**Student:** 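First the structure, which I've put down as structure tokens, then a few questions once you've had a look.
Order of the sequence lines fixes the chain letters, A, B, ..., with proteins taken first and strands second; residue numbering starts at 1 for each chain. The structure presented is a predicted model; accordingly, all values stated were derived computationally and were not measured.
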Amino acid sequence: MTRAALAILAKDLQTERRTGEAVPAMALFSVAVFVLFRFGLDRESLEAGLAAGVLWVTLLLAALLGVSRLFAAEREQDLLDGVLLAPIDRTGVWIAKAIALLLYLIVVELIAVPAFALLLLGPPLTTALPALALTLLLANVGIAAVGGLVAALAAESRARELITALLLVPLSVPVVLAGSAASAPLFTLAQQPEQLGRWLALLGTYNVIFILIAVAIFDYLLED
Amino acid sequence: MFGRGLATLAAVAALVFSGALAMVLFYAPIDADQGFVQKIFYLHVPMALVALAGFVAAGVMAAIHLRTGERAWDLRSYVAIHLSTILGVGVLATGSIWARASWGHWWVWGEPMLVAFLIVFLLYAVYPMLRFSIEDPERQARYASVFAVMAGAFVPVNFAAVRSAEPLTHPQVLSTTGGNMPPEMLATFLVSLAGMTLLYLTLWKLEMTAKRSSEALRRLQRGLARDTDEASARVAPATPPVPAIGGPSPGTPAREAD
């Protein structure tokens with residue numbers, strides 16, 4: 001399973017490196033949305049709570065773009081049949097896709113978060129950065145786990161993009177909620193919030209539950 | 001026969017439900033704080049609990065479908081989600097009315113139970129879209145089941161997450177059941193809960209019966225059409241053999257409702 005997952009992951013990353021389909025689009029999209037908010041809200045800098053909401057909703061929407069592209073190559077070239085012919089555990093496909101999405105999200109955030117700090121945030125982000133990075137990382141794992149599952153679930157339906165969006169948005173409400181609650185205090189005076197541990201625990205629980213669910217049921221998606 | 005025991009179940013449900021209604025109106029005391037409006041609680045809370053339990057039960061049924069591969073479990077799960085979604089509309093409406101009466105607003109965003117229920121409702125509203133956008137019936141059942149399992153597990157996670165996020169203004173009915181609810185209220189609530197559960201089960205069974213009998217009818221019609229086709233192809237006007245009407249697959253007899 002691990003070798004198959006690694007092979008699919010390597011294939012995905014190589015395709016992404018050569019075509020640049022997902023990550024540049026996601027990064028560009030998030031920067032564009034930040035600019036949109038900058039003009040839409042028309043303020044010099046956002047207060048912490050609002051800024052956290054803007055950051056997390058934008059990142060979720062950017063993740064949505066990545067999720068809807070996850071199985072694009074397989075679908076357009078009918079490659080899934082090839083994968084299904086191979087005697088490998090189907091869960092490996094989910095692992096590869098989720099890790100690919102996780103890496104995409106991390107790269108996108110390396111671009112999007114500085115852009116966010118520059119465009120929308122008043123105080124500099126430096127001291128709060130480790131806590132924010134940890135929150136983002138945990139949230140990314142959750143979104144990647146759910147995103148891999150949702151992408152495969154929506155892949156067979158006629159209204160693929162719509163279903164992906166409609167599924168991913170409610171499913172990731174807990175992530176956005178915890179992420180924005182954890183990071184809002186970080187944006188104020190860059191102080192350590194006392195509640196941070198609780199939100200990180202919530203994100204961790206969410207990740208564990210959805211990883212277990214995905215491992216349990218992904219097999220049934222790619223049959224026949 | 002389809003729908004065996006449906007009439008009895010419906011009668012019991014009607015009896016318990018009207019009994020609950022009578023208790024709500026004549027037996028349960030008027031709430032000291034909220035007055036008469038508080039009685040919507042006997043409708044709202046059982047409806048919410050039954051709807052959520054229906055969603056979770058649908059997830060369990062879907063898991064059984066995935067494990068055993070029996071299509072009947074997918075149908076059961078589909079019907080359960082369908083009914084829970086309909087109850088969900090009622091939950092949101094009654095919750096809204098209650099919120100307006102006791103907090104002064106139709107909708108309170110800071111209120112975790114309301115918001116958590118709305119999120120769950122929005123997620124399940126996608127279920128029919130997903131299900132009916134997949135054409136192949138076997139794959140449709142499988143994908144719908146995967147959704148039902150995932151969403152069923154999401155329900156408690158979501159409630160825990162949203163609940164931990166906000167200060168509580170929602171009436172903490174269940175956690176204080178033993179404490180401050182007077183016994184008359186508790187009894188009325190429990191009877192209402194039983195009535196709502198029975199109503200749900202009756203509707204579930206009714207819809208299952210309808211689905212199965214129309215499926216059986218379709219099978220018979222297909223079988224009949226094929227028989228007449230064959231008969232006309234042979235240009236033999238003889239009467240079609242009666243036993244063949246049973247359908248194209250005599251190996252699978254029409255399944256009875258449980």
Side-chain angles (χ1 to χ4, degrees), chain A residues 90 94 139 142 145-150 152-182 184 195 197-199 201-224, chain B residues 55 59-60 62-69 73-74 88 109-110 112 115-167:
Chain A
R90 310 280 185 258
W94 171 76
V146 175
L149 194 56
V150 163
L153 193 58
E156 286 300 329
S157 76
R158 258 182 283 119
R160 204 170 303 115
E161 284 78 11
L162 291 179
I163 299 276
T164 310
L166 289 174
L167 281 177
L168 190 67
V169 168
L171 281 174
S172 41
V173 164
V175 175
V176 170
L177 190 150
S180 114
Q195 297 274 6
R198 204 174 67 146
W199 297 118
L202 180 61
L203 284 174
T205 319
Y206 180 92
N207 294 352
V208 170
I209 290 174
F210 272 98
I211 288 172
L212 288 179
I213 292 174
V215 169
I217 59 179
F218 191 81
D219 268 4
Y220 298 104
L221 286 179
L222 301 180
E223 262 177 22
D224 60 52
Chain B
F55 284 139
V60 174
I64 297 176
H65 166 243
L66 291 178
R67 281 234 162 267
T68 62
W73 285 104
D74 169 60
W109 280 108
V115 177
F117 195 90
L118 179 68
I119 294 163
V120 167
F121 180 78
L122 286 177
L123 178 62
Y124 276 97
V126 187
Y127 177 83
M129 298 175 70
L130 172 70
R131 187 179 177 95
F132 296 115
S133 69
I134 300 171
E135 273 129 22
D136 176 44
E138 196 269 334
R139 181 177 283 168
Q140 180 191 70
R142 206 146 35 78
Y143 277 59
S145 289
V146 169
F147 174 95
V149 171
M150 183 178 69
F154 175 74
V155 170
V157 176
N158 179 51
F159 268 84
V162 177
R163 198 163 186 164
S164 68
E166 304 286 345

**Student:** Measure distances from A:Ile209 to the heavy atoms of chain B and classify the residue's part below 4.5 Å as side chain, backbone, both or neither.
**Tutor:** side chain

**Student:** Any chance you could measure A:Ser172, atom OG, to B:Phe154, atom CZ, to the nearest 0.5 Å?
**Tutor:**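 Those atoms lie 8.0 Å apart.
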
**Student:** Identify which part of B:Glu135 has an atom lying under 4.5 Å from any heavy atom of chain A, answering side chain, backbone, both or neither.
**Tutor:** side chain

**Student:** Name the member of B:Val120, B:Leu118, B:Ile119, B:Ile134 that forms the most heavy-atom pairs with chain A at distances under 4.5 Å.
**Tutor:** B:Ile119

**Student:** Looking at every non-hydrogen atom in both residues, tell me the closest pair between A:Ala159 and B:Ser133 and how far apart they are.
**Tutor:**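 Answer, listing the atom of A:Ala159 first, then B:Ser133: N-CB, 4.3 Å.
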
**Student:** Let me know if B:Tyr127 has heavy atoms under 4.5 Å from chain A in its side chain, its backbone, both or neither.
**Tutor:**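 B:Tyr127 has no heavy atom closer than 4.5 Å to chain A.
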
**Student:** Which atom names give the shortest non-hydrogen contact between B:Ala161 and A:Leu177, and what distance separates them?
**Tutor:** O-CD2, 4.0 Å

**Student:** Only pairs of heavy atoms separated by less than 4.5 Å count here; which of A:Leu153, A:Val169, A:Leu166 has the most with chain B?
**Tutor:**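 Of A:Leu153, A:Val169, A:Leu166, A:Leu153 has the most heavy-atom pairs under 4.5 Å with chain B.
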
**Student:** If you measure from CE on B:Met129 to OG on A:Ser157, what distance do you get to the nearest 0.5 Å?
**Tutor:** 9.0 Å

**Student:** Examine whether an atom of A:Leu167 lies under 4.5 Å from a heavy atom of chain B, and if so say whether it belongs to the side chain, the backbone or both; otherwise answer neither.
**Tutor:** both

**Student:** For A:Ala152, which atoms come within 4.5 Å of any heavy atom of chain B: side chain, backbone, both, or neither?
**Tutor:** backbone

**Student:** Heavy-atom cut-off 4.5 Å, strictly under: side chain, backbone, both or neither for A:Phe218 against chain B?
**Tutor:** neither

**Student:** Where the side chain of B:Tyr143 meets the backbone of A:Leu221, is there a donor-acceptor pair that is under 3.5 Å apart?
**Tutor:**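 Between the backbone of A:Leu221 and the side chain of B:Tyr143 there is a qualifying donor-acceptor contact (under 3.5 Å).
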
**Student:** Hey, which of B:Val126, B:Asn158, B:Leu122, B:Val149 has the most heavy atom pairs under 4.5 Å with chain A?
**Tutor:**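 With the most close heavy-atom pairs to chain A, the winner is B:Val126.
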
**Student:** Considering only heavy atoms and a distance below 4.5 Å, find which of A:Leu149, A:Val146, A:Val173 pairs most often with chain B.
**Tutor:**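 Maximum pair count with chain B is reached by A:Val173.
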
**Student:** What's the spacing between A:Ile217 CD1 and B:Arg67 CZ if we round to 0.5 Å?
**Tutor:**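 It comes to 11.5 Å.
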
